[in-house]
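What follows is a short report on a single structure.
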Protein chains: 4
Amino acid sequence: MWSVRTKEDVVEAYRKQSICDAAMRVVARKGMKDVTVQDIADEAGLAKGTIYSYFESREEILARTMENATASLVEKLGIACKACRTFREVLEQRVRTQLHHFDDNRDFFRLYLAMAEPFGERRLKQHPTYQTYLAQLQRLVRDAVARGEIRDANVERLSIAISSVVRDIVLHRMIEREPPSLDDDVQFAVDFIMRGIQS
Amino acid sequence: MWSVRTKEDVVEAYRKQSICDAAMRVVARKGMKDVTVQDIADEAGLAKGTIYSYFESREEILARTMENATASLVEKLGIACKACRTFREVLEQRVRTQLHHFDDNRDFFRLYLAMAEPFGERRLKQHPTYQTYLAQLQRLVRDAVARGEIRDANVERLSIAISSVVRDIVLHRMIEREPPSLDDDVQFAVDFIMRGIQS
Amino acid sequence: MWSVRTKEDVVEAYRKQSICDAAMRVVARKGMKDVTVQDIADEAGLAKGTIYSYFESREEILARTMENATASLVEKLGIACKACRTFREVLEQRVRTQLHHFDDNRDFFRLYLAMAEPFGERRLKQHPTYQTYLAQLQRLVRDAVARGEIRDANVERLSIAISSVVRDIVLHRMIEREPPSLDDDVQFAVDFIMRGIQS
Amino acid sequence: MWSVRTKEDVVEAYRKQSICDAAMRVVARKGMKDVTVQDIADEAGLAKGTIYSYFESREEILARTMENATASLVEKLGIACKACRTFREVLEQRVRTQLHHFDDNRDFFRLYLAMAEPFGERRLKQHPTYQTYLAQLQRLVRDAVARGEIRDANVERLSIAISSVVRDIVLHRMIEREPPSLDDDVQFAVDFIMRGIQS
DNA sequence: TATGAATGAGAATTCATTCAT
DNA sequence: GATGAATGAATTCTCATTCAT
């Protein structure tokens with residue numbers, strides 16, 4: 001059915017993930033433009049040639065790495081707070097999840113920022129994972145508008161505004177040697193955003 | 001007096017600026033990491049070697065380009081709305097100036113974003129022009145807090161939140177093929193921000 | 001034991017030697033200062049990039065080439081005439097070996113001369129192979145002095161004088177389209193030197 | 001007759017000499033292959049373009065510099081010891097003059113050595129100044145042979161042997177931080193050479 | 001399948017030479 | 001004549017990609 005080759009597929013997926021993980025660590029150390037395929041191979045404990053059994057090109061590795069990394073955050077966000085009642089609760093959960101994620105993965109940080117810049121020919125808007133992320137957020141906002149919890153403004157712009165505030169809080173936590181407590185930042189962000197959007 | 005070499009200096013400054021302008025256009029087309037010195041030379045209508053009479057290295061060109069470009073915006077912002085009374089008025093002027101600036105200089109866009117990512121060893125926080133920009137904003141916020149116009153919260157975080165919202169509006173204007181009217185975006189941003197910060 | 005990597009080492013050493021051999025031929029044709037890495041690669045039948053798997057830089061190739069080439073002569077000289085009784089016999093063997101070496105390796109000629117000029121920051125005296133060469137000669141001279149075969153003068157200066165005579169004979173053989181017979185030059189040199197040094 | 005343009009010629013000759021002098025100093029500092037035309041211009045206090053009013057190319061500057069420098073020594077040698085009676089006296093004068101010359105002009109040293117290596121396509125033998133030098137020496141040797149002062153061997157080879165011994169003494173004086181006294185080296189060289197050549 | 005040596009297009013940088021002022 | 005800005009060919013070195021083992 002869905003195949004005799006399951007095992008191979010699993011192995012392949014595992015290898016790809018290992019390579020992306022390695023790529024993430026190296027990117028975090030050297031910055032996207034200075035990472036060589038050799039760097040990634042070394043970090044992954046593989047030969048350079050082997051990398052090319054799993055990926056077409058350097059560009060593909062980096063693109064996939066970016067996707068995987070973001071996907072993991074988006075997934076966490078997707079399951080965050082199924083039980084929450086109000087938009088404020090949802091928002092707080094999401095913000096906390098994001099801040100945690102970045103506190104846990106300083107590595108991820110540069111990739112995340114790098115995502116905000118043009119990558120190859122693809123732009124932010126075209127990036128599928130970013131699409132998912134924004135769609136998720138927009139759905140939540142739309143629902144909250146429908147429930148009258150927040151004001152009836154352009155949903156897309158509201159979402160963008162929300163994500164931008166969170167992003168920059170994240171960014172500054174990364175940069176600060178001693179950032180404010182996570183709870184403080186969560187409270188500030190949620191408060192600022194809620195003021196901006198409540199009816 | 002203030003020097004015999006004025007003329008040479010002026011010519012030199014003019015050349016450097018031309019090169020940075022060219023660099024900006026090319027970066028806008030190809031993305032920072034893919035720009036070659038030859039690209040810049042071609043765009044500037046100069047020979048590759050000539051570029052090196054004015055700059056030490058490719059890195060220096062890009063760094064200087066970034067600085068110049070941002071400095072010009074920061075300067076505009078600095079003189080914006082000397083006559084404004086309320087923080088809302090100031091904010092509106094600033095947001096409008098920024099949105100205009102980016103509408104006028106799509107080129108600049110990628111550079112601006114690129115600034116938000118690690119550049120060489122320098123980071124956002126260390127970047128002097130960004131420092132100036134943020135300091136400006138913080139001063140305005142602090143004054144407004146003192147006047148009781150906006151609530152008494154952490155000034156730095158308020159400023160970051162403000163700038164992040166504007167930045168993402170800008171970003172999305174750049175990406176949209178047909179962005180909302182500039183006035184609409186200005187209103188949205190000012191409104192969102194003011195809600196977030198008023199007492 | 002003395003390593004699992006013997007084979008790789010041998011291959012590497014062989015490659016390095018091939019490249020140095022190629023470098024020697026090209027230097028002989030174009031002169032040290034005009035040799036490009038591309039020249040060496042072409043001569044070696046390798047791609048430019050391959051050269052850089054074996055050497056760090058153009059400078060390293062040339063330095064190593066010089067060393068290898070001289071080392072091979074010094075080695076020959078070291079084993080020359082173990083059975084000789086008198087200093088005159090040893091000297092004759094050595095001179096003959098050198099003249100042969102250069103007759104066989106016109107290529108080597110320029111390198112040898114180049115060694116007599118400053119190379120990078122290192123000078124003749126600091127060059128390890130030249131050190132070996134001179135030390136060898138000095139030992140022979142000292143022994144001969146001890147045996148009373150040659151006069152008791154400053155050993156270093158005697159050695160320098162000896163090597164300089166031989167070097168210039170070599171040089172002129174290279175330059176002459178039709179040099180004297182090898183035996184004639186050997187006899188002349190040995191005779192001249194022996195007169196200069198015998199007690 | 002031989003011209004209205006004498007004055008211009010003198011100025012031109014003077015300029016050329018200044019440039020060669022400058023070149024000599026720079027070569028002494030940086031080594032022949034690393035000297036740029038800009039270096040020479042700076043050292044001479046002229047603009048780069050001006051250099052090209054006096055010389056066709058970088059190569060010509062260096063060639064002429066070499067020639068001038070050597071010519072000055074050869075000239076000194078030509079007038080040395082007109083009054084000397086025996087070959088030994090002449091030889092001693094010449095050796096002393098050469099050692100002095102190099103003690104006075106460490107700058108000159110590298111050029112001298114550089115001359116011993118191929119220069120462009122011209123070789124040692126073809127170099128006119130070296131020709132002059134060797135011819136001078138050979139004449140002296142031939143005369144001495146005629147007078148029965150030294151043995152009747154191949155004049156060219158004797159001359160080569162003589163010049164090589166002197167050259168290496170010079171070389172080693174340059175290299176040694178504390179060389180033997182000039183007189184000692186003169187005595188050693190003259191003694192060694194005379195033994196090699198006397199009948 | 002994994003490897004890593006080999007490749008060579010392409011990038012940054014240098015510098016001899018020219019030429020308008 | 002003198003200048004030095006401009007030029008671009010030449011050079012070193014890098015690294016993504018291929019492919020024989």
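Numbers restart at 1 for each chain; the letters A, B, ... are given by sequence-line order, proteins then strands.
A/Arg15 pairs by the salt bridge (Lys or Arg N to Asp or Glu O under 4.0 Å) definition with nothing, not counting sequence neighbours.
The heavy-atom pair separating A/Ala41 from A/Ala47 by the smallest distance is CB-C, 4.0 Å.
To the nearest 0.5 Å, atoms CE (C/Met24) and OG (C/Ser72) are separated by 7.5 Å. Distance check, rounded to the nearest 0.5 Å: CD1 of A/Ile19 to CD1 of A/Ile61 gives 7.0 Å. Here the CG atom belonging to B/Asp34 is positioned 12.5 Å from the CZ atom belonging to B/Arg29, to the nearest 0.5 angstrom.
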- request: Could you summarise the pairing of DNA chain F as dot-bracket text, marking Watson-Crick and G-U pairs under 3.5 Å with ( ) or [ ] inside the strand and | across strands?
  value: .||||||||||||||||||||
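Between the CD atom of A/Glu59 and the C1' atom of F/dC15 there is a distance of 13 Å, rounded to whole Å. Straight-line distance from the CD atom of B/Glu60 to the C1' atom of E/dA12: 14 Å, rounded to whole Å. Nucleotide E/dA5 holds its P atom 18 Å from the OH atom of C/Tyr52, rounded to whole Å. Straight-line distance from the CD atom of D/Glu12 to the C1' atom of F/dA2: 14 Å, rounded to whole Å. One can place CD1 of D/Ile40 at 12 Å from P of E/dC15, the figure rounded to the nearest angstrom. Note: CG (A/Asp39) to C1' (F/dA16) measures 12 Å, nearest angstrom.
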Sugar-phosphate or base contact per nucleotide [nucleotides 6-11 of chain F; S, B, -; heavy atom under 4.0 Å]: BBB-BS
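If you find the closest nucleotide of DNA chain E to B/Glu56 and to D/Gln38, the one lying nearer the 5' end belongs to B/Glu56.
Annotation: side chain of A/Thr65 is not in contact with side chain of A/Val27 (no heavy-atom distance under 4.5 Å). The closest side-chain heavy-atom distance from C/Phe55 to C/Cys20 is below 4.5 Å.
Checked by atom type, the side-chain pair A/Thr36/A/Asp39 shows a donor-acceptor distance below 3.5 Å.
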